[in-house]
Amino acid sequence: MKPLLEVKGLMKSFGGVRATDNVHLDLAKGEIHAIIGPNGAGKTTLISQLSGGLQPDAGTVLLNGADITNMPAYKRAKLGITRSFQITSLVMGMSVLDNVALAVQANDGHSYKFLKPARSICHIRDKAMENLAKVGLRKRADDLASALSHGEHRQMEIAIALASEAELMLLDEPMAGLGPKESALLVDFLKELKGQRTILLIEHDMDAVFALADRISVLVYGRIIATSLPDEIRNNDDVRHAYLGEE
Amino acid sequence: MKNMTKTGWITLLGMAALAVLPPYFLLNGHAFYMDLATRLVILGIAAVSLNLLLGYGGLISFGHAAFIGLGAYAVGIPSYHATWGGFDLIASYNGMLHLVLAIGVSALFALITGAISLRTKGVYFLMITMAFGQMAFFLFQALDVYNGDDGLTIDVRSELPFVNLDSPMQLYGLSYVSLAVAMLLVKTIVNSRFGMVLQGAKDNNERMVTLGYNTYFYRLTAYVISGMMCGYAGFLLGNFTTFISPDMMHWTRSGELMFMVILGGSSTALGPILGSSVFILLEEVLSSFTIFWHLPFGLMLIGLVLFVRGGLMRLFKGRGE
């Protein structure tokens, strides 16, 4: 089967630093592919190039076989790529429900509609509420986004990614800053999504990674040093040396 | 009516006062207050239009006075040629033509300058909009046909069906209704799907782009709408003062407009009007005491901005609003 996303020879440098160094990667439809690596390995840089926030210096990105390397971020979103942010990125001045509704609205035709009050459009509000309920934020729907806790913000990020109905979700450390209980809930939740969405997961929480991932790639200094099944990664000497630590 | 907020009631009350008081003063022989109110209401429309960008879009446009000037010259130039000949294409007293010109030219100016300005953000956006405003200012200053710096007197006001603009009462009526419509229009736009995108991009543009919104074009649309409304305010102002000059477009005028919005409270419906009222009344009262009125005026404005964060509307807001 053709992979959903193919990355070939991706390169990106900032000054003298090679943040992405000849990265080859492919994501099969429906898989959860985790990327692990030490801090500064270039994980977020890689995601930004896939979502369109950053332009690579060289290499190609193919979505369903079509070249999207030079496509702006908003067009990629329309094709079904969404991302969450490592550092929470929400519309803080709006309500929780409004935030998710904006994601639903983005897939509901163009938004050059000036007359009808957006908050009275039932199918958008209902769908947004549905996705909030999925992540357990139904009760906070009418609160201002800025009033929520860090953990709840992470949940909002997931609700927004879900509401955008993207085929490919790029999740940048969704568990960052979550307590063990919240992390476990999120892991269960992502497990349920398995097979329905294709997920590229960047995560430092190794329990979460090994619980979720179908395949794991290890990124060190911008290079992928191994891509394999979780068990093989666990036993790979290079990986242990570079990242997991030897005990 | 039951779920009206406190600010909603204040807005209604303020608008009711503007509907009743100025005509009352005029009928009792105080034409001066009517004049003041007319200026206030017209500048209020301009401030409301700026609020769409500044308050809801987070786009600090520092060249909005250019639209007022364009709207005013759209009355002055055709009227001038109708009186003194030449430029037959537009020479006319017809108010509908003036209106179409005012709004059309403003839209075009907004489209062109906005398309360029919106490629920048923050302070750069502010500087580039100011530069475009100054370009309009210098252009009209250089146009000797229309007396350049000395300005142009409008001998005949726009001729509109149903309304006689020579009557202060009718001119005020038209301005007042226009203000109410402008406020409703902005409120409707802000609450629409378009408005949600605009406000989302103000707060977090990256998020909106990631969701699939090409925010550049949404902002450009808002810029054009705002420019058209402001051009319309210029059309009214030209007919009100019957004297127009490039000075209307000077960057300090844009600054005043911006000040009105921030003083009253940006991203509120009544804020810009409250701001323009306080601004114009203070200016009037202080200048009657001393010719050095700019100093106390400036100090008071600084004090207001420092101590009433979020604008005067904040003073009226109930808890949890």
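Below, chains carry the letters A, B, ... as their sequence lines are ordered, and counting in each starts from 1. As the structure is a computational prediction, the values presented were derived from the model and not from experiment.
Contacts between A:Ile124 and chain B at a heavy-atom distance below 4.5 Å involve the side chain alone, from C-beta outward. Proximity to chain B (any heavy atom under 4.5 Å) is shown, for A:Leu144, by neither the backbone nor the side chain. Of the atoms belonging to A:Ser51, not a single heavy atom falls under 4.5 Å from chain B.
Other residues, nucleotides and ligands place no more than 12 heavy atoms under 6.0 Å from the OH atom of B:Tyr124. Within 6.0 Å of the CG atom in A:Leu115, the count of heavy atoms belonging to other residues, nucleotides or ligands does not exceed 12. Annotation: A:Lys194, atom NZ; neighbour count of heavy atoms from other residues, nucleotides and ligands within 6.0 Å is above 12. Within 6.0 Å of NZ in A:Lys12 there are more than 12 heavy atoms belonging to other residues, nucleotides or ligands. Around CD1 of B:Ile60, the count of heavy atoms belonging to other residues, nucleotides or ligands within 6.0 Å does not exceed 12.
For residues 110-119 of chain B, no pair satisfies side chain to side chain donor-acceptor pair (under 3.5 Å), with sequence neighbours left out.
Scanning for side chain to side chain donor-acceptor pair (under 3.5 Å) contacts around A:Asp126 gives an empty result, with sequence neighbours left out.
The greatest number of non-hydrogen atom pairs below 4.5 Å with chain B, out of A:Ala103, A:Ser164, A:Gly53, is found for A:Ala103. Residue with the most contacts toward chain B among A:Gln105, A:Lys78, A:Lys116: A:Gln105 (heavy-atom pairs, distance under 4.5 Å). Annotation: maximal heavy-atom pairing with chain B below 4.5 Å, among A:Thr82, A:Val91, A:Asn107, A:Asn99, occurs at A:Val91. Of the listed residues A:Gly52, A:Ser111, A:Ala118, the one with more heavy-atom pairs under 4.5 angstrom with chain B than any other is A:Ser111.
A:Leu102 CG to B:Asp203 CG: the interatomic distance, rounded to the nearest 0.5 Å, is 10.5 Å.
Residues of residues 185-201 of chain B placed with any heavy atom under 4.5 Å of a heavy atom in chain A are listed by number as B:Thr188, B:Ile189, B:Asn191, B:Ser192, B:Arg193, B:Phe194, B:Met196, B:Val197, B:Gln199, B:Gly200. Identified by a heavy-atom distance below 4.5 Å to chain A, the contributing residues of residues 211-229 of chain B are B:Leu211, B:Gly212, B:Tyr213, B:Asn214, B:Phe217, B:Tyr218, B:Thr221, B:Ile225, in residue-number order.
A:Ile160 and B:Arg207 get closest at one heavy-atom pair: CG2-NH1, 3.6 Å.
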